[in-house]
Student: 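Take this structure first; my questions come after.
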Amino acid sequence: QVQLVESGGGLVQAGGSLRLSCAVSGRTVSNAMGMGWFRQAPGKEREFVAAIRWSGGNTYYANSVKGRFTISRDNAKNTVYLQMNSLKPEDTAVYYCAVQSSYTGSYYYPDHYDYWGQGTQVTVSS
């Protein structure tokens, strides 16, 4: 069983920064894994934010966050981070990390991921 624990959410003013962390436990992160961040605002569908391939570190971003958010990983800690800068009110959502156990051909869709964290709230005030 894989467990993911997110942390780092909170309330920040527009233009501010937050760093989210997602620690993976229960299994060793393998080279086949990818990890993603998604978010879901009230009344909206869960949407892709960013992803990183564990082997090689290739990164992928939604257009809405490109240039403001950075996804990274710490192999030794089995942890993925999402550095969020220049935050906007429209970034307000519950942020979830997820694990893709083996590459499915895409990192962009929630149903391509096998395990999910409980979510952490990010609120950006104007």
Student: Enter the distance from Ser126:OG to Gln13:CD here, rounded to the nearest 0.5 Å.
Tutor: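 Rounded to the nearest 0.5 Å, the OG-CD separation comes out at 9.5 Å.
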Student: Just wondering, do Val49 and Met84 contact through their side chains at under 4.5 Å, heavy atoms?
Tutor: no
Student: Got a second to check how far Asn78's CG is from Leu4's CG, nearest 0.5 Å?
Tutor: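 It is 10.0 Å, given to the nearest 0.5 Å.
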Student: Working to the nearest 0.5 Å, report the span between CE of Met33 and CG of Asp114.
Tutor: 8.0 Å
Student: Is there side-chain contact between Trp116 and Arg46, with at least one heavy-atom pair below 4.5 Å?
Tutor: yes
Student: Quick check: closest heavy atoms across Trp54 and Asp74, and the distance to 0.1 Å?
Tutor: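 Residues Trp54 and Asp74, closest heavy atoms: CZ2-O, 4.1 Å.
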Student: Looking only at non-hydrogen atoms, find the nearest pair between Ile52 and Arg73 and report the distance.
Tutor: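 Scanning both residues, the minimum pair turns out to be CD1-CD, 3.9 Å.
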Student: Is there a donor-acceptor pair closer than 3.5 Å between any side-chain N or O of Glu6 and the backbone N or O of Cys97?
Tutor: yes
Student: Rounded to the nearest 0.5 Å, how far apart are CG of Leu82 and OG1 of Thr120?
Tutor: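 Result: 11.0 Å between the selected atoms.
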Student: Out of curiosity, Phe69 CZ to Ser64 OG, how far, rounded to the nearest 0.5 Å?
Tutor: 7.5 Å
Student: Does the side chain of Val122 come within less than 4.5 Å of Arg39's, by heavy atoms?
Tutor: no
Student: With a 4.5 Å cut-off on side-chain heavy-atom distances among I, L, V, M, F, W and Y, is there a chain of contacts connecting Tyr108 to Tyr96?
Tutor: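 Cluster IDs for Tyr108 and Tyr96 match.
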Student: Answer with yes or no whether the side chains of Tyr103 and Arg53 bring together a donor and an acceptor at under 3.5 Å.
Tutor: no
Student: State, to 0.1 Å, how close Tyr107 and Gly34 come at their nearest heavy-atom pair, and which atoms those are.
Tutor: CE2-CA, 3.8 Å
Student: Identify the heavy atoms of Ser101 and Tyr115 that sit nearest to each other, and give their distance.
Tutor: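 In this case the closest contact between Ser101 and Tyr115 is OG-CE1, 3.6 Å.
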Student: Find the distance between CD (Gln40) and OH (Tyr95) and round it off to the nearest 0.5 Å.
Tutor: 12.0 Å
Student: Please name the pair of heavy atoms, one in Ser21 and one in Trp37, separated by the smallest distance, quoted to 0.1 Å.
Tutor: O-CH2, 3.7 Å
Student: Can you hop from Tyr60 to Tyr109 via hydrophobic side chains spaced under 4.5 Å?
Tutor: yes
Student: For Tyr113 together with Phe38, are the ring centres under 6.0 Å from each other?
Tutor: yes
Student: Can a donor-acceptor pair be found, under 3.5 Å and without considering hydrogens, that links the side chain of Gln100 to the backbone of Ser106?
Tutor: yes
Student: I want to check a possible cation-pi pair here: Arg19 against Tyr81, using under 6.0 Å from ring centre and within 45° of the ring axis as the test.
Tutor: yes
Student: How close do Val124 and Thr92 get, counting heavy atoms only, and between which atoms?
Tutor: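 Heavy-atom minimum between the residues: N-OG1, 2.9 Å.
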